[in-house]
**Student:** 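Would you mind keeping the following structure in view while I ask a few things?
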Amino acid sequence: WRRTHYSSQISPEMDGEEVIVMGWAHAIRKLGKLIFIILRDREGTVQIVVPKQKVEEEIFKTAKEIGKEDVIAIKGKVIANEKAPNGFEILPIEIRILNKAATPLPLDPAEKVSADIDTRLDNRFLDLRRPKIQAIFKIRSEMLKSVRKTFYENGFVEVNTPKLVASCTEGGTELFPISYFEKEAFLGQSPQLYKQMLMATGLDRVFEIGPIFRAEEHNTRRHLNEAISIDVEMAFCDDKDAMEMLEKVVYNAFVDVYENRKKELELLGVNLELPNEKFDRITYDEAIDIANAKGVELEWGDDLSRAAEKAIGEEMGGLYFIVDWPTETRPFYTMPNEKDPKICKAFDLMYKDLEISSGAQRIHIYDLLVERIKAQGLNPEGFGSYLEAFKYGMPPHAGWGLGADRFTMVLTGQENIRECVMFPRDRQRLTP
Ligand code: ATP
Ligand code: AMO
């Protein structure tokens with residue numbers, strides 16, 4: 001047997017046609033001589049009607065044995081019927097139970113009232129049977145497809161860099177140490193150093209979609225310990241070029257999700273508003289003023305506090321860039337402004353109060369880079385092979401990292417980042 005149709009591919013106009021559907025027993029109603037089975041597959045549900053008088057005894061017997069969430073396959077005739085959901089049902093010619101589901105279910109995918117998030121994540125395979133939950137991941141998949149399409153259309157080469165690494169990249173302490181034979185090693189925090197080294201190769205424009213690992217101590221609704229980052233690096237480009245590319249990638253993803261995932265957006269109750277092709281830009285100074293005006297105390301040079309992000313997000317709404325950051329708030333590789341080295345050519349892309357991307361023009365001059373590494377209290381010796389790439393012809397370059405999980409939160413209207421990851425990793429959770 002092979003499935004001939006998904007539930008959504010059948011219509012009342014197919015009255016009398018023979019089909020094979022496969023899926024899970026979503027709901028069962030046994031009314032003595034009449035059994036209704038709602039079969040659920042990836043695309044929706046379909047009603048199977050089993051009247052004792054109209055089917056063979058064997059079929060009725062099998063139908064009676066079906067339990068919730070059993071895996072079933074049904075060969076049958078499409079019957080147009082105004083009273084059935086979607087205007088048709090299937091009268092079985094043969095029913096096969098492919099696998100039984102144990103009882104009781106730890107979580108019922110058909111239940112309207114959802115369990116708490118921990119129970120759901122503990123039983124994620126069952127949780128993911130719910131159409132609403134699947135909708136999040138169909139949108140996430142659409143976004144990733146769109147992002148890749150935009151990259152390929154704009155001359156990017158997709159790359160993969162190592163995740164087992166010997167040193168830090170962002171200068172912070174948020175690293176997961178691992179044992180690597182007799183050496184000390186870490187899980188990669190960002191492809192930053194590798195994507196920059198690739199700018200010295202002539203590949204010009206690269207992107208990578210892969211995991212980043214961060215030993216974030218805090219437990220928030222927008223931090224994971226394993227996240228997926230959409231990373232970009234572009235040679236012979238400055239910060240403005242990088243921001244323009246980011247606008248294209250984000251805008252196109254909004255459009256593609258809007259156009260191709262209407263059903264999923266509706267299921268989630270999300271009224272996705274398309275952004276302008278160009279996003280608003282405010283400077284760090286303006287951001288500080290907004291925060292101060294709303295009673296959030298911040299001094300020039302401070303990173304934005306959570307309260308500041310909320311105040312600024314409330315004022316700005318939607319998507320906007322914050323530019324001209326104090327040099328000291330950004331990683332060592334960020335290019336300072338030539339005219340005013342206290343500020344640098346870095347940007348954050350925000351959606352309301354959520355940072356979804358960070359990027360910058362980078363330092364491509366060896367001496368300046370070494371100076372900045374030292375200024376941030378790091379040891380240039382730890383950056384040996386990275387620094388070598390700057391000695392023998394490194395072009396000016398810029399890039400950014402866009403958090404795929406956070407971007408999915410934006411596109412699906414989720415408040416908790418864990419909803420946007422199939423098997424999230426946070427401070428408490430390492431399984432499943
Ligand atoms: P990234 O790790 O990419 O920089 P991010 O900028 O959102 O992501 P942080 O830099 O760690 O994350 O934090 C952003 C802001 O949120 C900071 O100002 C930080 O002080 C604040 N923040 C982080 N964790 C918490 C928390 N648990 N409670 C309140 N505020 C927090
Ligand atoms: P940054 O540290 O800002 O920049 O990370 C880039 C983007 O990745 C996402 N992100 C996270 N998402 C969920 N949980 C986390 N713990 C987490 N950490 C980061 C965010 C963030 O905006 N090397 C630079 C990028 C660059 O300049 O190219 C970097 O890593 O959406």
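Only this structure's heavy atoms are used, side chains among them; waters, hydrogens and symmetry mates stay out. Each ligand, and each atom within it, is numbered from 1 in the order the structure gives.
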**Student:** Please identify which atoms of ligand 2 are closer than 4.0 Å to at least one heavy atom of Ala227.
**Tutor:**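 What qualifies from ligand 2 is 12 (N), 13 (C), 14 (N).
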**Student:** Determine whether the side chain, the backbone, both or neither of Phe347 has a heavy atom under 4.0 Å from any heavy atom of ligand 2.
**Tutor:**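 Neither part.
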**Student:** Output the list of atoms in ligand 2 that are nearer than 4.0 Å to some heavy atom of Lys195, sorted by atom number.
**Tutor:**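 In order of numbering, the contacting atoms are 26 (C), 28 (O).
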**Student:** In this structure, is the centre-to-centre distance between the rings of Tyr333 and Phe383 below 6.0 Å?
**Tutor:**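 Centroid separation for Phe383 and Tyr333: 6.0 Å or greater.
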**Student:** Does some non-hydrogen atom of Arg222 fall short of 4.0 Å from ligand 2?
**Tutor:**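 The answer is yes, since Arg222 has a heavy atom less than 4.0 Å from ligand 2.
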**Student:** Any idea which part of Glu355 is under 4.0 Å from ligand 2, heavy-atom wise: side chain, backbone, both or neither?
**Tutor:**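 Both backbone and side chain.
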**Student:** Considering the heavy atoms of Tyr333, write down every atom of ligand 2 situated less than 4.0 Å from one of them.
**Tutor:**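 Listed by number with element: 23 (N), 24 (C), 27 (O).
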**Student:** Classify the contact between Ile417 and ligand 2 as side chain, backbone, both or neither, using a heavy-atom distance cut-off of under 4.0 Å.
**Tutor:**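 The answer is the side chain.
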**Student:** Quick check, are the ring centers of His364 and His397 under 6.0 angstrom apart?
**Tutor:**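 Judged by ring-centre distance (under 6.0 Å), His364 and His397 do not meet the cut-off.
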**Student:** Any heavy atom of Thr334 closer to ligand 2 than 4.0 angstrom?
**Tutor:**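 Flag not set, Thr334 not near ligand 2.
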**Student:** Could you establish whether Gln189 and ligand 2 come within less than 4.0 Å of each other, counting only heavy atoms on the residue side?
**Tutor:**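 No heavy atom of Gln189 comes that close to ligand 2.
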**Student:** For ligand 2, which atoms have a heavy atom of Gly359 less than 4.0 angstrom away?
**Tutor:**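 Answer, ordered by atom number: 27 (O).
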**Student:** Should Ser229 be listed as contacting ligand 2, given a heavy-atom distance under 4.0 Å as the test?
**Tutor:**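 No; Ser229 lies far enough from ligand 2 that no heavy-atom distance drops under 4.0 Å.
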**Student:** Atom NZ of residue position Lys68 - does it have more than 12 heavy atoms of other residues, nucleotides or ligands inside 6.0 Å?
**Tutor:**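 Enclosed: over 12 neighbouring heavy atoms sit under 6.0 Å from NZ of Lys68.
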**Student:** Regarding Trp24 and Asp70, do their side chains bring together a donor and an acceptor under 3.5 Å, going by distance alone?
**Tutor:**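 The criterion, which ignores hydrogens and geometry beyond distance, is not satisfied for Asp70 and Trp24.
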**Student:** Which ligand 2 atoms are under 4.0 Å away from a heavy-atom of Arg406?
**Tutor:**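 The list of qualifying atoms is 12 (N), 13 (C), 20 (C), 31 (O).
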**Student:** Run Thr119 and Asp116 through side chain to side chain donor-acceptor pair (under 3.5 Å) and show every step you take.
**Tutor:** CA-CA 6 Å; Thr119 309; Asp116 65 278; 2.8 Å; yes
**Student:** Checking contacts here: is it the side chain or the backbone of Arg362 that comes within 4.0 Å of ligand 2, counting heavy atoms only? Could be both or neither.
**Tutor:**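 Arg362 to ligand 2: side-chain contact only, backbone stays beyond 4.0 Å.
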**Student:** Are the charged groups of Glu69 and Arg40 less than 4.0 angstrom apart, N to O?
**Tutor:**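 Judged by the 4.0 Å cut-off on N to carboxylate O distance, Glu69 and Arg40 do form a salt bridge.
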**Student:** Can Asp41 and Ser7 be counted as having a side-chain donor-acceptor contact under 3.5 angstrom?
**Tutor:**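 Note: Asp41 and Ser7 side chains meet the donor-acceptor criterion.
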**Student:** Would Lys149 count as a cation-pi partner of Phe151, with NZ or CZ less than 6.0 Å from the six-membered ring centre and within 45° of the ring normal?
**Tutor:**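 No, Lys149 does not sit over the ring of Phe151.
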**Student:** Quick one: sort the Phe156 and Phe207 rings into parallel, tilted or perpendicular, breaks at 30° and 60°.
**Tutor:**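 If you compare the ring of Phe156 with that of Phe207, the planes turn out perpendicular.
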**Student:** Give a yes/no on ligand 2: does Ile356 have at least one heavy atom closer than 4.0 angstrom to it?
**Tutor:**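 A heavy atom of Ile356 does come that close to ligand 2.
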